[in-house]
Student: 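Just dropping this structure here.
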Amino acid sequence: FFMRVLWTHNFDPSVLSGGVFMNLLADGLREQGVEIDLHFLGNVRSIKGILKAREQLREVAVGYDVVHAQFGSACSLVTTAVKDRPVVISLRGSDWYIYRERFNKECIHGMLAHFMSRASLRKANHVITMSDCMTESVIRAFPGLSVSTVTDPVDLSQFKPIEKKEARAELGFENDDRKWVLFTTLSKTNPIKRVGLAEEAVKRVNEKLGGVTIKYATGLKHEEMPCFVSACDVILCTSVHEGWPNSIKEALACNVPFVATEVSDLKKIADQEPSCRICSSNSSDIAESIVEVLDEERVDLTRHVSQMDVPVVSKQVKALYEKLLA
């Protein structure tokens with residue numbers, strides 16, 4: 001049946017790759033016949049901003065069947081102002097996990113985000129998380145809460161294997177035969193991503209092998225990413241925590257293996273794939289894993305993301321809405 005769904009979000013439209021995966025899923029649901037409208041909440045970094053956004057949302061949400069917060073934290077706190085129709089909250093990672101490596105602004109921000117997410121969850125009709133690991137964590141905190149795992153989609157019509165030589169030639173690096181280690185982050189100063197740890201690990205790899213370089217996927221347009229990813233030999237994730245790293249999905253879709261700290265559900269894949277590794281947060285261990293992966297032949301890894309394609313995930317979310325409205 002026909003549905004009108006309002007998505008609330010706080011992804012700054014001025015950020016080049018902000019909200020890419022949200023928009024991808026929105027388009028997928030539209031293809032499924034669901035009317036999706038996006039509502040940017042604006043500045044919700046203050047109590048005044050949150051209260052103003054809550055008041056505005058009550059008016060904007062009139063006429064919609066479901067209201068779906070695309071993030072926890074202040075976004076979910078604003079969205080639960082809607083009382084007379086189903087409210088769904090998607091938790092994506094940094095709105096649930098707290099950065100605890102040191103007491104700094106990221107730690108304080110994480111604690112505030114977590115607090116606001118927790119304050120919102122019991123007021124929601126359903127909660128979506130990005131990984132089974134997150135779902136288990138949320139259910140431990142809120143037994144009986146309606147929670148399901150529906151990871152953000154990857155566009156498998158765009159992200160698909162390209163021969164490494166072909167990809168490098170397309171990028172203008174046809175004569176570069178070094179090993180490329182891909183590292184994806186919106187900001188190199190984000191302590192959650194631990195760029196310094198990644199760089200130290202790659203330095204150690206170079207001491208052993210030589211001819212290895214780290215390639216940062218920062219500031220690229222999303223349509224440039226498939227070729228860039230395919231040009232790499234391995235993707236490295238040294239994060240403290242993740243919901244389900246979209247960069248890893250895209251790499252797997254391009255048959256690029258990963259080396260990662262134990263975040264999200266990545267261990268389930270690494271346990272099945274000799275070409276992928278989960279390691280400790282020690283630069284020596286990470287370097288050793290990179291060396292091992294670089295020695296592996298490239299194999300088909302796309303099966304691990306086949307159920308994360310846009311149409312598949314879109315149907316899951318649509319079915320969830322239908323169940324709420326039944």
Side-chain angles (χ1 to χ4, degrees), residues 21 93 129-136 149-168 178-185 193-194 197-198 201-202 204-205 208-209 212 214-215 217 225-310 312-313:
F21 297 92
T129 75
M130 298 297 109
S131 66
D132 291 336
C133 182
M134 278 189 76
T135 293
E136 291 164 9
T149 303
V150 185
T151 188
D152 278 337
V154 58
D155 187 353
L156 297 184
S157 69
Q158 297 294 318
F159 286 88
K160 47 192 173 185
I162 305 171
E163 285 296 323
K164 185 173 71 175
K165 287 184 178 180
E166 179 186 335
R168 290 194 183 182
R178 295 175 297 174
K179 299 293 186 181
W180 288 14
V181 178
L182 174 62
F183 194 89
T184 302
T185 179
K193 301 296 184 179
R194 296 192 288 201
L197 178 59
V202 173
R204 289 177 180 272
V205 174
K208 184 169 184 177
L209 296 181
V212 179
I214 189 166
K215 290 287 186 178
M225 286 298 294
C227 192
F228 192 83
V229 172
S230 292
C232 296
D233 296 276
V234 60
I235 184 170
L236 177 59
C237 172
T238 51
S239 297
V240 178
H241 57 72
E242 292 279 355
W244 215 117
N246 293 312
S247 58
I248 301 288
K249 295 173 196 169
E250 293 171 345
L252 292 170
C254 296
N255 282 339
V256 175
F258 65 77
V259 171
T261 45
E262 191 170 349
V263 294
S264 187
D265 294 338
L266 298 185
K267 189 175 185 301
K268 294 180 180 180
I269 296 174
D271 286 346
Q272 302 173 53
E273 290 295 348
S275 63
C276 296
R277 296 285 190 284
I278 293 295
C279 49
S280 72
S281 300
N282 177 285
S283 61
S284 296
D285 290 344
I286 296 169
E288 184 179 341
S289 293
I290 293 173
V291 170
E292 291 172 353
V293 169
L294 290 177
D295 194 46
E296 294 277 349
E297 288 188 16
R298 187 171 288 196
V299 297
D300 182 17
L301 299 170
T302 59
R303 65 189 178 92
H304 297 291
V305 290
S306 61
Q307 294 305 302
M308 299 178 187
D309 197 9
V310 177
V312 178
V313 177

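Quick note: residue numbers are just sequence positions, from 1.
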Student: Look at Lys268 together with Glu273 and state whether they make a salt bridge at an N to O cut-off of under 4.0 Å.
Tutor: no
Student: Looking at side-chain heavy atoms only, is the closest gap between Val312 and Pro153 below 4.5 Å?
Tutor: no
Student: Does a side-chain N-to-carboxylate-O contact under 4.0 Å join Glu250 and Lys160?
Tutor: no
Student: Indicate whether any N or O donor in one side chain lies under 3.5 Å from an N or O acceptor in the other, for Asp155 and Ser157.
Tutor: yes
Student: Between Thr149 and Thr135, do the side chains contain a donor N or O and an acceptor N or O under 3.5 Å apart?
Tutor: yes
Student: List the steps, then state whether side-chain contact (heavy atoms from CB on, under 4.5 Å) holds for Lys215 with Phe183.
Tutor: CA-CA 6 Å; Lys215 290 287 186 178; Phe183 194 89; over 6 Å; no
Student: Is any side-chain heavy atom of Glu163 less than 4.5 Å from a side-chain heavy atom of Arg298?
Tutor: no
Student: Give a yes or no on whether a salt bridge exists between Lys193 and Glu242, defined as a side-chain N under 4.0 angstrom from a carboxylate O.
Tutor: yes
Student: Dump the intermediate steps for salt bridge (charged side-chain N to carboxylate O under 4.0 Å, His left out) on Asp233 and Arg168, then the final yes or no.
Tutor: CA-CA 11 Å; Asp233 296 276; Arg168 290 194 183 182; 3.0 Å; yes
Student: With a 4.5 Å cut-off on side-chain heavy atoms, are Ile269 and Phe258 touching?
Tutor: yes
Student: Less than 4.0 Å between a side-chain N and a carboxylate O, is that true for Asp295 and Lys208?
Tutor: no
Student: Looking only at non-hydrogen atoms, find the nearest pair between Ile235 and Ser247 and report the distance.
Tutor: CD1-O, 3.5 Å
Student: Please give me the minimum heavy-atom distance between Leu266 and Pro245, naming the atom from each residue.
Tutor: CD1-CG, 4.1 Å
Student: Closest heavy-atom contact between Arg204 and Ser284?
Tutor: NH1-OG, 3.2 Å
Student: Mind checking whether Ile286 and Val259 have side chains closer than 4.5 Å, heavy atoms only?
Tutor: yes
Student: Could you report the tightest heavy-atom contact between Val293 and Arg277, atom names first, then the distance?
Tutor: CG2-CG, 3.5 Å
Student: Is Lys249 salt-bridged to Asp152, cutoff N-O under 4.0 Å?
Tutor: no
